[in-house]
Amino acid sequence: MPLADNCPLTEVKVSKLKDCLMLTPGRLNVKKFQEWSNACHWYLKHSEKKPEEIVRFVADGMLEPHFVKWYHANQTRIDALLLDKYLTEFAKYALPCKWEHGVCNTLLSSKQGNKPFANWQIELKNLNVLLANTKSTCCLSDASVQAQLEANMNPDLRAKLDNTNLIATTFPDWIRKVTELDEDLHEENACTQCLIDANNAAHAAERQKHKPLAERLSDPPTCTQSPKDEKRILKEHKGCT
């Protein structure tokens with residue numbers, strides 16, 4: 001049962017490596033649920049608790065009264081669940097109806113733009129992991145995620161990829177190699193921009209040298225023009241009217 005939109009959002013609190021998690025009172029949206037899901041899996045990994053007993057510990061950390069009532073009303077059954085099954089049921093109770101479709105639409109419509117490929121692909125994979133953790137039918141396969149990344153990557157990166165004989169046998173290997181291409185592209189673009197800036201600066205300096213004296217003296221001072229430069233200009237044009 002989702003809370004009203006004007007309610008403050010809940011917060012996920014994690015103190016120490018093996019301490020139990022806390023979900024503060026408040027409204028749960030998809031982003032906060034993703035944080036809670038990640039924190040629960042993190043706790044499962046580091047707490048040294050058995051998989052079949054982990055839910056009773058994380059469920060006790062839910063402090064929102066509506067979630068507490070839901071848990072207490074079904075405590076015996078929920079305590080017996082494995083973590084992913086608990087997260088699936090909690091999502092159905094706490095998140096808006098068809099929330100998975102919203103997440104899937106976000107995943108399918110996302111474009112790289114000017115983001116580094118490494119950051120962008122992590123965003124998309126995290127969204128897909130959220131769908132996978134809740135056993136959603138909207139979850140994409142690795143091949144489908146790769147197809148989305150290829151279709152929506154930066155056009156310059158796509159052109160570089162098309163002109164590269166990239167061979168990757170696995171999805172992680174493909175991600176690594178495309179990330180390297182993207183980093184190379186950023187370095188190339190940075191070098192090109194440096195050359196453009198240097199060329200523009202040289203042209204500007206050349207234009208400045210050929211300006212009439214009156215215009216050169218009336219120009220606002222720049223960080224590269226020193227009093228000695230101004231004296232030199234006056235001396236070169238001494239006697240001009």
Side-chain angles (χ1 to χ4, degrees), residues 9 11-14 16-17 21 28-47 51 58 83-84 87-88 91 95 98-201:
L9 285 172
E11 294 291 338
V12 177
K13 302 289 187 181
V14 181
K16 296 181 181 178
L17 197 63
L21 314 173
L28 190 74
N29 62 9
V30 172
K31 183 178 179 181
K32 291 299 180 182
F33 177 77
Q34 185 176 19
E35 290 179 16
W36 180 243
S37 174
N38 291 341
C40 288
H41 282 93
W42 176 86
Y43 183 66
L44 173 62
K45 181 178 180 179
H46 295 285
S47 67
V58 299
L83 182 58
D84 283 349
L87 290 170
T88 299
L95 293 177
K98 296 184 178 179
W99 66 271
E100 307 103 310
H101 297 284
V103 172
C104 190
N105 287 338
T106 299
L107 195 160
L108 295 177
S109 62
S110 177
K111 296 185 182 298
Q112 180 186 355
N114 293 322
K115 296 177 184 176
F117 179 81
N119 295 348
W120 177 58
Q121 60 90 13
I122 287 174
E123 290 177 10
L124 265 62
K125 288 198 295 186
N126 279 341
L127 290 175
N128 202 47
V129 166
L130 175 61
L131 296 173
N133 286 346
T134 54
K135 309 301 180 187
S136 170
T137 56
C138 297
C139 179
L140 302 182
S141 65
D142 284 351
S144 295
V145 174
Q146 180 174 329
Q148 283 301 123
L149 292 169
E150 287 190 49
N152 295 294
M153 65 176 52
N154 181 288
D156 291 339
L157 177 58
R158 181 54 195 259
K160 192 173 182 68
L161 178 61
D162 290 342
N163 292 323
T164 302
N165 185 25
L166 190 148
I167 299 174
T169 56
T170 64
F171 181 46
D173 191 35
W174 182 86
I175 289 289
R176 180 181 60 79
K177 291 181 177 180
V178 175
T179 298
E180 291 174 355
L181 286 179
D182 187 59
E183 291 172 350
D184 290 344
L185 183 62
H186 278 282
E187 289 182 8
E188 292 167 8
N189 289 341
C191 289
T192 300
Q193 189 60 50
C194 285
L195 292 174
I196 292 172
D197 291 344
N199 187 56
N200 289 341

Taking all non-hydrogen atoms of both residues into account, name the closest pair between [X] and [Y] and its distance.
| X | Y | result |
| --- | --- | --- |
| Val14 | Ala39 | CG2-CB, 4.3 Å |
| Leu28 | Leu95 | O-CD2, 3.7 Å |
| Cys138 | Glu100 | SG-CB, 4.1 Å |
| Gly113 | Asn154 | O-ND2, 2.9 Å |

Candidate list Met153, Arg158, Gln121, test side chain to side chain contact (heavy atoms under 4.5 Å, CB included), partner Gln112, passing option
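Per the side chain to side chain contact (heavy atoms under 4.5 Å, CB included) rule, the option paired with Gln112 is Met153, out of Met153, Arg158, Gln121.
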Flag the pair [X] / [Y] as yes when at least one side-chain heavy-atom distance between them is below 4.5 Å, and no otherwise.
| X | Y | answer |
| --- | --- | --- |
| Leu131 | Trp99 | yes |
| Ile175 | Phe117 | yes |
| Leu21 | Val12 | no |
| Phe33 | Thr134 | yes |
| Leu149 | Trp174 | yes |
| Leu124 | Asn152 | no |

Between [atom1] on residue [X] and [atom2] on residue [Y], distance to nearest 0.5 Å:
| X | Y | atom1 | atom2 | value |
| --- | --- | --- | --- | --- |
| Asn165 | Ile167 | CG | CD1 | 4.5 Å |
| Gln148 | Gln146 | CD | CD | 11.5 Å |
| Thr106 | Leu127 | OG1 | CG | 6.5 Å |
| Leu157 | Glu150 | CG | CD | 10.0 Å |
| Lys177 | Glu180 | NZ | CD | 8.5 Å |
| Leu83 | Leu87 | CG | CG | 4.5 Å |

Could you go through the side-chain contact (heavy atoms from CB on, under 4.5 Å) check for Val58 and Leu44 one step at a time?
CA-CA 9 Å; Val58 299; Leu44 173 62; over 6 Å; no
Under the 3.5 angstrom rule, does the side chain of [X] hit a backbone N or O of [Y] as a donor-acceptor pair?
| X | Y | answer |
| --- | --- | --- |
| Thr88 | Asp84 | yes |
| Gln34 | Asn126 | yes |
| Asp182 | Val178 | no |
| Thr164 | Leu166 | no |

Are Lys160 and Asp156 close enough for a salt bridge, meaning some N to O gap below 4.0 Å?
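No, this pair does not count.
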Would you call Glu35-Lys32 a salt bridge at under 4.0 Å N-O?
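The answer is yes: the pair qualifies as a salt bridge.
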For atom CG of Asp162, decide whether the heavy atoms of other residues, nucleotides or ligands shown that lie under 6.0 angstrom number more than 12.
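More than 12 heavy atoms, drawn from other residues, nucleotides or ligands, come within 6.0 Å of this atom.
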